[in-house]
Q: 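Quick one: structure below, then a few questions.
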Amino acid sequence: MNRKIVFFDTTLRDGEQSPGVSLNVQEKVAIAKQLEKLNVDYIEAGFPIASKGDFEGVKAIAEAIKNVGVCGLARANEKDIDCCYEAIKAAPKRRIHTFIATSPIHMQHKLKMTEAEVLEQVTKAVSHAKSLVEDVEFSAEDAFRSELPFLIEVFKRAIAAGATTLNIPDTVGYATPEEFGRFIKAIHDAVGDQAILSVHCHNDLGLAVANSLQAIQNGATQIECTINGIGERAGNASLEEIAMALETRKSVFKVTHDLQIKEIYKSSRLVSDLSGMTVQPNKAIVGKNAFLHESGIHQDGVLKERETYEIMKPEDIGIHGNNIFLGKHSGRHAFRDYIEKWGYHLPEEQFQNAFQEFKHLCDTKKDILDDDIMEIVIGQLTGGQTKFNFNKLQLVTGDQLTSMATVTISRGEAVEERAGIGHGPVDAIITAINSFLDYNPKLVDYQIQSITKGRDAQGLVHVKVSNEGKIYSGRGLSINILESSAKAYIDAINKIERYQEIGGESNGDDNHRENISCACQESSC
Ligand code: KIV
Ligand code: ZN
């Protein structure tokens, strides 16, 4: 029988460590629920000891996810592991993932520990994790640059202490496929089937997917990966690329998986929208151009026989083309039916908001396409009560780059209008919005993308705003890109407000990961 590959998704842990990405608890839960629909085997939900926000995020996911495994990361010490257990304990299927570095360079310079000390720590940490949960994963950080005999000894210790999965990270993305394959085979020969072998490949040389696939062919059964390949530095192996390679080249890999590949496109869109990490157009599988044919010869070939130039069908990953099913005469019922067919079930308040947005869009845009509706729904997935709500924007753009913006905002029952002057309309909008605040946040990143083609396309703006050293992201959607900009900025401000409201202690911002960057094994330092 064909071996089943275990998909261990680390979008919410390693992916969330991507530079500039900071998701709040609601956003993490929305992504986790989508990963549950995608039916990954495990969701690595975060690194609970890293910050209060990380802890709250993992706990909320453990409480929300019922059908797939939930895992938390912990360094190889008791305090991290206990904290991780507290965060994941509500999950019906839970796993602790503990790690320590095993390469000479990490042990000598970062850990300042000898091989003997590392071995002892592995036994202690894995045994402690095993006393709390049955399912324990042990990772040897920087495994690929470790001495193979020592690494095998470390893994044998981890097995003896109760580890059920052994993870072999190429932490710095240094391996090439052929040597990584040999490396995995050597470990597989040494430990046999006493534990599941897993790989975790980084993409510094653009080889993360190739290395992961080579690992599968040499005995690895678990793959650690992220949606859209996001992650530290150049990112991790991309889930959708590995999944579609296994799917499209079944006869080469001869393995199975439990993923619902029809959920791939929705997962990619959600992660890109909420993280603000836009997908490059030529990205394999989920890029905007992945299924487009520009050259006449290719178009002609595809029209005659699709398989001349297409090895996968867009429908297989959940792209339905840009169909038009709804319009200004569609009512609530049709709208609900339509989004439920896509697998979105919004709570009543968010559904009504989405429907209002849809109606408003019908007044300004001729053809409402699938992608338009998907963006409206994504905007509501993490919705809820917010302090500031955008009402209206008026702009006067004069010469010499001077603009004046008047922004109308409602706060509960109160509706208030403030004006601001700036160098260009975006600057003026931000000045106007900042005048509602008694602090002075700064715009640190601004990105705009069009949702569909055509002059009446909606513009989706992503911003990153910094306040007191923390980064908050915001998202805004409108046919008017300046309105999108105002909405995105207000979205980020609402996250700052939420953070302040709860005393800056809990969710709302998870990017003060003071402990993650700390190299030593003392979680108290
Ligand atoms: O890249 C890495 O080594 C990691 C480990 C913590 C698994 O992310
Ligand atoms: Zn990693």
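Atoms within each ligand, like the ligands themselves, are counted from 1 in listed order. In this chain, residues are counted from 1 in sequence order.
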Q: Polar contacts were defined as any N/O atom of the residue lying under 3.5 Å from an N/O atom of the ligand; does this apply to His97 and ligand 1?
A: no
Q: Let me confirm one number: the CG-OG distance from Leu35 to Ser267, rounded to the nearest 0.5 Å.
A: 6.0 Å
Q: Step by step, work out the side chain to side chain contact (heavy atoms under 4.5 Å, CB included) result for Val377 and Gln350.
A: CA-CA 9 Å; Val377 172; Gln350 276 93 309; over 6 Å; no
Q: Which ligand 1 atoms does His202 reach within 4.0 Å, using its non-hydrogen atoms?
A: 1 (O)
Q: Any ion pair linking Glu241 and Lys283 (charged N to carboxylate O, less than 4.0 Å)?
A: yes
Q: Check ligand 1 against Glu141 and write out every atom of the ligand that is under 4.0 Å from a heavy-atom position of the residue.
A: 3 (O)
Q: Could you list which atoms of ligand 1 come closer than 4.0 Å to a heavy atom of Ser139?
A: 7 (C)
Q: Does Thr171, backbone or side chain, put an N or O under 3.5 Å from an N or O of ligand 1?
A: yes
Q: Is it the case that the ring center of Phe138 lies less than 6.0 angstrom away from the ring center of Phe99?
A: no
Q: Between Asp41 and Lys4, is the closest basic N to carboxylate O distance under 4.0 Å?
A: yes
Q: Between the Zn ion (ligand 2) and Asp14, which N, O or S atom of the residue is the nearest one?
A: OD2
Q: Side chains of Gln214 and Glu178: any donor to acceptor distance under 3.5 Å?
A: no
Q: Quick one: is the NZ or CZ of Lys313 closer than 6.0 Å to the six-membered ring centre of Phe291, and within 45° of its axis?
A: no
Q: Could you tell me which residues satisfy side-chain contact (heavy atoms from CB on, under 4.5 Å) with Ala87, sequence neighbours excluded, listed by chain and number?
A: Pro48, Phe55, Val58
Q: At under 4.0 Å between heavy atoms, is it the side chain or the backbone of Arg13 that contacts ligand 1, or both, or neither?
A: side chain
Q: For ligand 1, find out whether one of its N or O atoms is nearer than 3.5 Å to an N or O atom of Glu224.
A: no
Q: I'd like the atom name of the N/O/S atom in His200 lying closest to the Zn ion (ligand 2).
A: NE2
Q: Please list the nearest protein heavy atom to atom 4 (C) of ligand 1 with its residue and the distance rounded to 0.1 Å.
A: His200 NE2, 3.4 Å
Q: For ligand 1, which atoms sit closer than 4.0 Å to a heavy atom of Asp14?
A: 8 (O)
